[in-house]
Amino acid sequence: MKITGTFLDEISHDIPHQNWSRKEWEQDFQYMKATGIGKVILIRSGYRKFLTYPSEYLIKQYNCHRPSEDLVNMFLELSDHYGMDFYFGLYDSGKYWDTGDMQHEIDANRYVIDEVWSRYGHHASFKGWYLSMEISRKTKGAIEAFRTLGLAGKEKDQHLQTLISPWIDGPKAVMAHDAALRKDAVVTIQEHEREWKEIFDGIQGTVDVVAFQDGHVDIHELEEYLVVNKQLADAHGMHAWTNTESFDRDMPIKFLPIKFEKMRLKLEVAARAGYQEAITFEFSHFMSPQSAYIQAHHLYNRYKEYTNHA
Amino acid sequence: MKITGTFLDEISHDIPHQNWSRKEWEQDFQYMKATGIGKVILIRSGYRKFLTYPSEYLIKQYNCHRPSEDLVNMFLELSDHYGMDFYFGLYDSGKYWDTGDMQHEIDANRYVIDEVWSRYGHHASFKGWYLSMEISRKTKGAIEAFRTLGLAGKEKDQHLQTLISPWIDGPKAVMAHDAALRKDAVVTIQEHEREWKEIFDGIQGTVDVVAFQDGHVDIHELEEYLVVNKQLADAHGMHAWTNTESFDRDMPIKFLPIKFEKMRLKLEVAARAGYQEAITFEFSHFMSPQSAYIQAHHLYNRYKEYTNHA
Amino acid sequence: MKITGTFLDEISHDIPHQNWSRKEWEQDFQYMKATGIGKVILIRSGYRKFLTYPSEYLIKQYNCHRPSEDLVNMFLELSDHYGMDFYFGLYDSGKYWDTGDMQHEIDANRYVIDEVWSRYGHHASFKGWYLSMEISRKTKGAIEAFRTLGLAGKEKDQHLQTLISPWIDGPKAVMAHDAALRKDAVVTIQEHEREWKEIFDGIQGTVDVVAFQDGHVDIHELEEYLVVNKQLADAHGMHAWTNTESFDRDMPIKFLPIKFEKMRLKLEVAARAGYQEAITFEFSHFMSPQSAYIQAHHLYNRYKEYTNHA
């Protein structure tokens, strides 16, 4: 079970920035390639006032700051050059987090999809859209948002894939800026299955890949969730990947690289559950040999040793 | 808009120590110099039982631990050698934080100013006093403390400058050891202006420079605060600098280096608001090529590229 | 006052893992040796589902994950080779933390002691047991657990030493995953003495060494606790060591390496209180020249300079 894709954490919600230039990003694409990663997924193209590319629409309509670099262009050029598949993560206005209403995300992203496709759609590496709204269970408006934006993305080119990466409402599903590491009120596997069946029914045909985050439940409970999620995906004609988190949710420092043993166990659970593809959040902070977190350098070595022998 | 000064974070409240010896500090003064920094401001000379210099007064009166190194002497020697202006940060007994009464700070620091001036006042680089009480809005006794200690400092030599660095009571004005990153009850620009006018009236003639911290409000709201603060300073015959924070207040890890893009935006806002000088909290943890935080190494490179081209 | 022992933080509760292989561990044993460390104490051999060695008993009875490496074997081989004394830390099922009942820890560890001794007892470096239950004041069942497990360990070989490392219920005795750094409701020295006398009475003859953690009280209050703890140990025929913590409890990041000045002060307090031995929690994250925390590299240098001259 190898990791074949990674998120690119620009703009970050909660992971401090590494302040890399194009030189470090190019080096990181080489490291990714060397580990077998062929897919890169921009986690989001903007968050509130901050943007990864100079969107005239968002600068005008949402008063966003004009960025000094066009990171989307840079990632696409690097993806073209290194033969990676690039997935574009939609804009997050922050209004959903403030109001619980997803209409803003729908409205903004219909324009973003138009703007981005006309600007970057010619890149050979542009292979899909990442619907960046992170949801769990029944989130108001989520089904409609995924339907509308999934369809809007696929209208640009029918070969474009659409990807979502939801979270399981398990014991580690706490806010990054809460001190707590765990909570007591957690979903049961039955509730999870029932509620996600409803969501899968709603998004069928507009979302191609569902990659649940694997870090919100304990490892000994992970397999039953992976099994249910794959069954749901199979039944709805979607692909199930696992998003194997490379950071550690069990530690008071939120967040540093995961202990390799935990990653190994999670990957082996996914293999047993029949998964074919794993992506990770994310390589550059938590697994890269040039990460600001030195633990990541060793995680890279451990992972390389493991995949060379496994 | 270049950064021309930095705090020296000894004794730290909330930033883990780097455990540098004189060798690393000398190297850091060279790095500072290379970025255009000519001012160094000791954040405080002591905090509760911990001291930066062996103050006989504080060891006796406040039962402080005798330090193994005289950091004030070291910083002054390095400042003399590298042509830096050194500002001495006053002692913080911690009693104000415990009791809300600033009388202890006034009493202790009248002695500290005497002791320090007689001991270190001959250094060519000793250019001023940093009144280290960090206040916001109407803090009980703050005006009298700033008046009394500002005057006491300036009595030693009329050329000595006095500096304060208050914070704006904005959404990010939360305690470092709180998990929360933001709060809801925040000052309005009108309240800020009215209350700070009262403080400026009270400290006029005893404080030369006011350098508000720039990290407690969102960047798109920063300009109006910078404008008001400069108007208040101009009207009272004081200098307004900006204290551009080089750490990131938006992340659950409190604190790692800021994303360069945020620093760039803040510096550009300050330039638009007519500011001539920026200092930062602080170079050695968050911008130095030898920082324990590797993100800082890249921030240094990004900042250098920016200032070479801007 | 030199540090002569360190914990090995496998499995960690709250310190992110460094992802080292045997190569880095062997290098670290060399660094330890170079600082005068001759004792290594495995903090615990397992925690909940995670194990340091492939315990057939725990895998079967507690559904633990089978580890990919046998760290106990590796640590013992390295200890044999470098002439270190190895102390085996017992298993922590986590049930005590969940239920307040220590019977599970007693039951599990009676088997673990049998299994471990038959498997690893032939190693020349196997010198003792670390009773890994961290207790403070009167903890339900603690006395019986220490008695039972101390005796079970010593039955294997009467030369084996048993070690505990309790904490003082001082102002910094807060949970690692709480945001707070301090609490108000703290023990008094009189309560501490009275309650610990009761515990020492109960465990006399089964525990050889008591090494209180030194980081839960302020440094200016530490001496009276060190004195009382040594008096209690002396009166009960036990050895008192100090466990001088090498991480900083005063900072919002939980946890990074301690400021050397604090470590120096704590070691000097222990020397004044008549202590002969200091161990630390722990070298590899917080004092090693190859730690992922660069502050640790400098702490190593400061400590080496200090012990060469002190």
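Quantities reported herein were computed from a predicted structural model and do not represent experimental measurements. Chain identifiers are assigned alphabetically (A, B, ...) following the order of the sequence lines, protein sequences preceding nucleic acid strands; residue numbering begins at 1 within each chain. Atoms considered below: every heavy atom in the structure, side chains included; atoms not considered: hydrogens, waters and symmetry mates.
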Contacting moiety of Asp250(B), where chain A heavy atoms sit under 4.5 Å: backbone
field: Spacing of CZ belonging to Phe255(A) relative to CE belonging to Met251(B), to within rounding of 0.5 Å
entry: 11.5 Å
field: Residues of residues 168-181 of chain A near chain B, each having a heavy atom less than 4.5 Å away
entry: Ala176(A), His177(A), Asp178(A), Ala179(A)
- prompt: Which of residues 56-67 of chain A have a heavy atom under 4.5 Å from any heavy atom of chain B?
  reply: His65(A), Arg66(A), Pro67(A)
Greater than 12 external heavy atoms within 6.0 Å of Arg110(A)'s CZ: no
statement: By side chain to side chain donor-acceptor pair (under 3.5 Å), Lys259(B) pairs with (sequence neighbours left out) none
task: Can you measure from CD1 (Ile15(A)) to CD1 (Ile253(B)) and round to the nearest 0.5 angstrom?
output: 7.5 Å
task: Please name all residues satisfying salt bridge (Lys or Arg N to Asp or Glu O under 4.0 Å) with Arg302(B), sequence neighbours left out, ordered by chain then number.
output: Glu24(A), Glu305(B)
Distance in Å, Glu261(B) CD paired with Glu69(A) CD, rounded so as to fall on 0.5 Å steps: 7.5 Å
query: Where does Leu299(B) contact chain A at under 4.5 Å (heavy atoms): side chain, backbone, both or neither?
result: both
- request: Please round to the nearest 0.5 Å and tell me the distance separating atom OH of Tyr306(B) and atom OG of Ser68(A).
  value: 9.0 Å
message: Is there a side-chain contact (heavy atoms from CB on, under 4.5 Å) between Ile294(B) and Ile294(A)? Walk through the geometry before answering.
response: CA-CA 9 Å; Ile294(B) 294 173; Ile294(A) 293 173; 4.0 Å; yes
task: Please state whether the side chain, the backbone, both or neither of Leu256(B) comes within less than 4.5 Å of a heavy atom of chain A.
output: side chain
- prompt: Just wondering, are more than 12 heavy atoms of other shown residues or ligands nearer than 6.0 Å to OH in Tyr82(B)?
  reply: yes
message: Using every non-hydrogen atom in the two residues, find where Ile219(B) and Phe50(A) come nearest and quote the distance to one decimal.
response: CD1-CZ, 3.9 Å
query: Does NE2 in His220(B) sit with more than 12 non-hydrogen atoms of other residues, nucleotides or ligands closer than 6.0 Å?
result: yes
- prompt: Considering only heavy atoms, which portion of Lys254(A) lies under 4.5 Å from any heavy atom of chain B: side chain, backbone, both, or neither?
  reply: both
